[in-house]
Protein chains: 2
Amino acid sequence: MAIVGDALMDMHGIAKIAGVSSATVSRVINGSKLVRPETTGRVQRVIDELKFFPNSSATTLKHGKSSTYGLIIPDITNPFFPEFIRCFEKILVENNRDMLMATIDSHATRMQQSVRRMLVRKVDGVVLLAAEIETEPIEALIHNKVPLVTLERRLVAPWVSDVMVNYAAGIGLAVAHLKELGHTKIGYIGASAGPTISNHRVNGFKKALKKYGLQLYPEFIRVGDYRTTGGQTGMTELLALKERPTAILAANDLTAIGALRTIYQRGYTVPGDFSVIGFDDIDLAGMLYPPLTTLCLPRQELAETVYKALEFGREHKSAVGQQYTMKTSLVVRESSGVAKAAKRPRSR
Amino acid sequence: MAIVGDALMDMHGIAKIAGVSSATVSRVINGSKLVRPETTGRVQRVIDELKFFPNSSATTLKHGKSSTYGLIIPDITNPFFPEFIRCFEKILVENNRDMLMATIDSHATRMQQSVRRMLVRKVDGVVLLAAEIETEPIEALIHNKVPLVTLERRLVAPWVSDVMVNYAAGIGLAVAHLKELGHTKIGYIGASAGPTISNHRVNGFKKALKKYGLQLYPEFIRVGDYRTTGGQTGMTELLALKERPTAILAANDLTAIGALRTIYQRGYTVPGDFSVIGFDDIDLAGMLYPPLTTLCLPRQELAETVYKALEFGREHKSAVGQQYTMKTSLVVRESSGVAKAAKRPRSR
DNA sequence: GTGAAAGCGCTAACAA
DNA sequence: TTGTTAGCGCTTTCAC
């Protein structure tokens, strides 16, 4: 809308001023080659003059699709997500698509509302990066034939694609790294208990332990919440144990940061007393004291994959979605070091 | 839209199935009391059954407004913004408004595109939290009579409100705190040089120095970028000086984190060798080593203020906007301590 | 209490 | 090359 006098402008108004019909205005705006250059110029001048912008509700209504993709994330406060959003939004902007973001803050009602927003806005697809997924709201999406991309549901179907993270391999790397440093007692601070995405990470951990012939101490596996608080309580519990791990794997970097905090607060040091390894490799990981060793889940690549899946869904409506895989890599920094027990013998 | 067979559903379809007219369906969806309870029930059942959601493009088109507010931020990777978004989105959801977010990553074209998105989507107002604001894109908003809320432009006009942060007071607190700890040589790592929002912070710093009778060393004022990298280079420059400050004020927490990193990397400690004070009080500030002393800019309050301003603009179209003020408070943690020079005499 | 119909701003046949 | 027109899905008078 632009304004003349006090009225909101539309293509009709532009047309009248430029002395053409609204169809021509539409053609000019959409770059049709059927318009005579001088007409184009005349119309364009009016558009610029009046700073006119076409109403997307009208085009969306007309076309039946919005060129908008929805993104649902659990917690925008976890730096991993902003970093992902940054990559994702950039891709969308470059491809003339809009983003509709919703965060659910682990509230079931917020999830409902988010899905509703996606549905009423007629998004062309939805990315669901939420960890704990309830099936009910998803059904509304599928029922309405909205292409869906999930993370780590490891399940594709008509309208739904999935991208899985190869946790087993990544965590294997981390465990191998720790073993090399002489650690044999490794703890894990994960997320909530339910049968969710978080399980893939714990299971990956257990498998890695077995693979490298390390003993699994059940009390070394603590529950967290993907936030720093979970890292703190988890670490506090670990410190309360008679027999303690010498290294801790955290379900994400925030958890690792919480663990680090508790360790220092109790007067211990990293990696002197404990090695800590995170997951995600958020931007800040390298800025911490000590810089965090962590498994990198590349956001740029994830964003590209997700976008690819979305476009696939858009173009192959009703087709069974694709299964994509993401690799992780170990970024060794300074929060992992030689195990204490392993060090002592040397200094004798 | 919901589906029957293979067709996309609309109110007409629902109406036909329920044996009513589309007008009645509309009434039911909008909770009109003019519909007989049994009719309502019958219609609602069909709606639920078919998981029907009304098309927001149609309602927006009809009503001429979208119930959407736009939010433009510079860098979603700076934790302050996600934390703000979290509060802001919550308020919007509670008030049945939608959010359209755009990040500009300090690219002029992205700013253009963002404003364009806001305009075509017919948002009912825009919040511009970007630090470095060019006037040109803003004009398009004002010209199209979109209520605008800016941060720290310190200038209101028809259609535009502003919320300013009382930097002077906050920085005064920080400087007073440092003086009390015996610091007399205080450095500052800010943001880019231009005549922008960042100036309010440097100016506040200079004024505070004067107010507390502290000397201003021009070479102690370094340029940053509101990110960790700026903190690192700024601190590196400060360390290269023959005469160094004993305390550093950073333009935001990310800058402070970068400074902290460089300090530790060079073998110094905080607050032993240098005191560091940040700005924002991001969630992670208390999790760092050492926990960061910082000026808190409360996001919840900011979100509420911004929302209030937005609603004001919506209701008092064409009126001159309001000027709001935000206070900051000093959160003393462990990155600030007694000045080195001040300590020595005591230990003699 | 419910239905018929006009119209929000835009696009795409179809006409000219 | 340009104009006319129907209609996207919804709301809202105005009838009944």
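Every heavy atom of this structure was used, including side-chain atoms; hydrogens, water molecules and symmetry mates were not. No experiment lies behind these values; they were computed from the predicted model shown.
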Does any donor atom in the side chain of B:E89 or A:T103 lie under 3.5 Å from an acceptor atom in the other side chain? yes
Sorted by chain and number, sequence neighbours left out, side-chain contact (heavy atoms from CB on, under 4.5 Å) with A:D124 holds for A:K65, A:S66, A:S67, A:Y69, A:R314
Can you name the atoms? Protein N/O to nucleotides 13-16 of chain C N/O, anything below 3.5 Å, with the distance.
from: C:dA13; atom 1: N6; to: A:R27; atom 2: NH2; distance (Å): 3.4

Side chain of B:L61, heavy atoms from C-beta onward: which of D:dT11, D:dG9, C:dC10 has the nearest atom to it? D:dG9
Is any side-chain N or O of [X] closer than 4.0 Å to OP1 or OP2 of [N]?
| X | N | result |
| --- | --- | --- |
| A:T24 | D:dG3 | yes |
| B:N30 | D:dT11 | yes |
| A:S26 | C:dT11 | yes |

Any N or O donor-acceptor pair under 3.5 Å from the base of D:dG9 to the side chain of B:K62? no
Ordered by number, residues from residues 33-45 of chain A within less than 4.0 Å of DNA chain C (heavy atoms) are none
I'd like to check the side chain to side chain donor-acceptor pair (under 3.5 Å) partners of A:R36; sequence neighbours left out, ordered by chain and number. A:E38
Using side chain to side chain donor-acceptor pair (under 3.5 Å) as the criterion, list what pairs up with A:Q44, not counting sequence neighbours. A:D48
With a 4.0 Å cut-off on heavy atoms, is A:H63 in touch with a base, just the backbone sugar-phosphate, or nothing at all? sugar-phosphate
Which side-chain N or O atoms in residues 72-80 of chain A pair as donor and acceptor under 3.5 Å with protein atoms at least two apart or in another chain?
from: A:D75; atom 1: OD1; to: A:T77; atom 2: N; distance (Å): 2.9
from: A:N78; atom 1: OD1; to: A:F80; atom 2: N; distance (Å): 3.1

